[in-house]
Amino acid sequence: LPRQRGRVSMTDDYTLEHVIKVWDNKTGDHVYVGPDADGLELVDLRYVDSAGKIVARITIPREMVVMVARAINELYDS
């Protein structure tokens, strides 16, 4: 079975949420990658500065995230 990612409801009272943060160890900035807050099966990407301020944010469908990742790989793999 594929590993389930994102928001997974466990009970009516609690929710388990998986997120990933990609840290810049020099500046303390990070990119947050996780499920959207509304539970719409979207991916929320946030660039957060070292003070904790969200500098940029985009919420898009998972399929688009895959295409964006593929585009970045194509740009920088050559």
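Across S50 and T27, no two heavy atoms sit closer than the pair CB-O, 3.1 Å. The two residues K26 and D24 come nearest to each other via the heavy atoms N-OD1, 2.9 Å. For the pair V33 and V43, the tightest heavy-atom approach, listed with the atom from each and the gap, is CG1-CG1, 4.1 Å. R46 approaches I54 most closely through the heavy-atom pair CD-CD1, 3.8 Å. The shortest heavy-atom contact between P35 and H18 is CD-O, 3.5 Å.
Between the side chain of D29 and the main chain of W23, no donor-acceptor pair closer than 3.5 Å is present.
Separating the CG atom in D49 from the NE2 atom in H30 is a distance of 9.5 Å, to the nearest 0.5 Å. Note: E74 CD to M67 CE = 8.0 Å, rounded to the nearest 0.5 Å.
Both V55 and L45 belong to a common hydrophobic cluster when Ile, Leu, Val, Met, Phe, Trp and Tyr are linked at side-chain heavy-atom distances under 4.5 angstrom. With hydrophobic clusters built from ILVMFWY side chains whose heavy atoms lie under 4.5 angstrom apart, Y14 does not share a cluster with V19. Linking Ile, Leu, Val, Met, Phe, Trp and Tyr residues whenever their side-chain heavy atoms come within less than 4.5 Å leaves V66 and I58 in two separate clusters. Each of I20 and V48 belongs to its own hydrophobic cluster when Ile, Leu, Val, Met, Phe, Trp and Tyr are linked at side-chain heavy-atom distances under 4.5 angstrom.
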Exercise. Between D44 and Y32, does a side-chain hydrogen bond (donor to acceptor under 3.5 Å, both in side chains) hold up when you go through it step by step?
Worked result: CA-CA 8 Å; D44 189 17; Y32 165 102; 5.1 Å; no
